[in-house]
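Beneath this line is the structure, given in structure tokens, with notes to follow.
Every chain is numbered from 1 and lettered A, B, ... according to where its sequence line falls, protein lines coming before strand lines. The figures that follow rest on heavy atoms only: side chains count, while hydrogens, waters and symmetry mates do not.
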Amino acid sequence: MKRNGRTVLIALEIATPFVLVTLYALWAAPRDSFFFPPLGEILAALRADWFGERILSDIWPSIRRILLGFSLSAILAVGLGFALGLSRRARIATAPLVEFFRALPPPALLPLTILVLGVGDVAKVLLIALVCLFPILQNTIAGITGIDPTLRETARMYGITRRGELLHVVLPGALPAIFAGLRTSLSLAVIMMVISEFVAASNGIGFGIWQAKRLFDIPLMWSGIIILGILGYILNMALLQIESRVLAWHRGARKAAE
Amino acid sequence: MLAVEQLGRDFGAVRAIAEISVTFEPDRFTCIVGPSGCGKTTLLKCISGLLPPSRGRVTLHGRPVTRPPREMALVFQDYSRSLFPWMTVRDNVAFPLRKRRDLDAAALRELVEESLAAVGLSDAIGRYPWQLSGGMQQRTAIARAIAYQPEILLMDEPFASVDAQTRADLEDLILAIRRRYSMTVVFVTHDIDESVYLGDRVVVLGPPPTQVKEVLEVGLPAERDQITTKKDPEFLRLRSHVFANIMNREEQG
């Protein structure tokens, strides 16, 4: 019964996009609209351009920017989150700053980074890193301050060294929250990649979409949007896979608590 | 020898513990019993070195205790919050032993397995705490404490959150462990029957600001039994005596 329910859910997940795409194809085919081209033209552009030479010239540079920016911010934010999570004073001192950056719409930083850092790859990576920093930072702090004090007292009672406590008690205890931050930041990374490539770039998926729009190559623009969606989906699935491995205990514990 | 010397503890302006002096002789089982909110946990935390006292001090072999000493292990009341959910039962028990240089891998493994066998958990060694019942989780915490090979075992209302039958099992388990390993036990409880059933000695605390009301020697044979011991006239005499003392009532008959 349970297994059956699972199969139904997976079938639904696969079927829904197919139904939507088919509906679009049926709707667009007889119209021959300029802005909503027939599905065949979009798929042709997808195959010829995006799965052709653009894999190396546009898709790969975008992926690289996302991964570099995201990893950089993950390392910085978890490190900084540890420092702030463990010290109440540092937390109080930096709270207004963290809150300010969190409230700021991320694209607002774009003009600033273009002025200061330019339009190169480094600038894009740093912009992505800067924007991704705050969700991970906030979640890391929340994860550390939320650890049950009894767990840390247990570690102290049994003579666990400071290093052992940080590595084997504080880090695993904060990991569920850290992953929540990583998920938020990963989607922000994709958004910032696209925006920064719209504004100033000579390659990338965002650049490709913008260029196609300027050249009125509408099928190419649509296929670029599809590529972005697929990329975001794959990245998110990859992170969820890592999370379900690293946090298997957490899922089990939560199920047991229900 | 473990000694609490004129110990007092305040929380802000609130005087939780007024003054307590009590000594714990080696290999004796002392139960500390008192009304709820009388600062039993606070006292135990001060003894363990987790909480600094406001006045007085705790000494172990004449040296003041300022942080948790190697000679002590503590079993917390809330097992679900003191076991690490990301570690298996084996890793939870082995975790405090990771810096023990006198144990090689094989000796460590044996120690962990023997401790788990002593609490009857050999079969659960590879499971996670959240896969176990409450009683089994507390057994894991007890195994962790005995694997640490302490001189002094501190227990903070360890059986307060399990059902009555599990509780009786765990009481007998702790008596068996105590016979097998020589340890000084300091056992905090709010349950008067439990304190008389387990202890060689019962320390009765009053309401806050807390002081020691009375120290009673338990004149029961070393072998205890849930049915016969609890019918023993000495048991019945002691439990009504402690009850009357805690409830501030005159003893009847």
Ignoring hydrogens, what is the shortest heavy-atom contact between Leu151(A) and Leu83(B)? Give both atom names and the distance. CD2-O, 3.5 Å
Measure distances from Met87(B) to the heavy atoms of chain A and classify the residue's part below 4.5 Å as side chain, backbone, both or neither. side chain
Highest number of heavy-atom pairs under 4.5 Å with chain B: which of Leu247(A), Ile160(A), Leu175(A)? Ile160(A)
Contact origin within Leu97(B) toward chain A - heavy atom pairs under 4.5 Å: neither
Pairs table: donor-acceptor atoms between chain B and chain A closer than 3.5 Å:
unit_1, atom_1, unit_2, atom_2, d
Lys45(B), NZ, Glu153(A), OE1, 3.2
Lys45(B), NZ, Glu153(A), OE2, 3.2
Leu74(B), O, Tyr158(A), OH, 3.2
Arg81(B), NE, Asp148(A), OD1, 3.2
Arg81(B), NE, Asp148(A), OD2, 2.5
Arg81(B), NH2, Asp148(A), OD1, 3.2
Arg81(B), NH2, Thr150(A), OG1, 3.3
Trp86(B), NE1, His168(A), O, 2.9
Arg98(B), NH2, His168(A), NE2, 3.0

Top contributor to chain A interface from Ala141(B), Gly49(B), Pro68(B) [non-hydrogen pairs under 4.5 Å]: Pro68(B)
For chain B, which of Ala253(A), Pro149(A), Gly173(A), Ala256(A) has the most heavy-atom pairs under 4.5 Å? Ala253(A)
If the condition is side-chain contact (heavy atoms from CB on, under 4.5 Å), which residues does Phe198(A) pass it with, not counting sequence neighbours? Val194(A), Ile209(A), Trp210(A)
Counterpart residues, side-chain contact (heavy atoms from CB on, under 4.5 Å), relative to Leu126(A) (two or more places apart): Leu72(A), Leu117(A), Val122(A)
Sorted by number, residues from residues 3-10 of chain B in contact with chain A (heavy atoms, under 4.5 Å): none
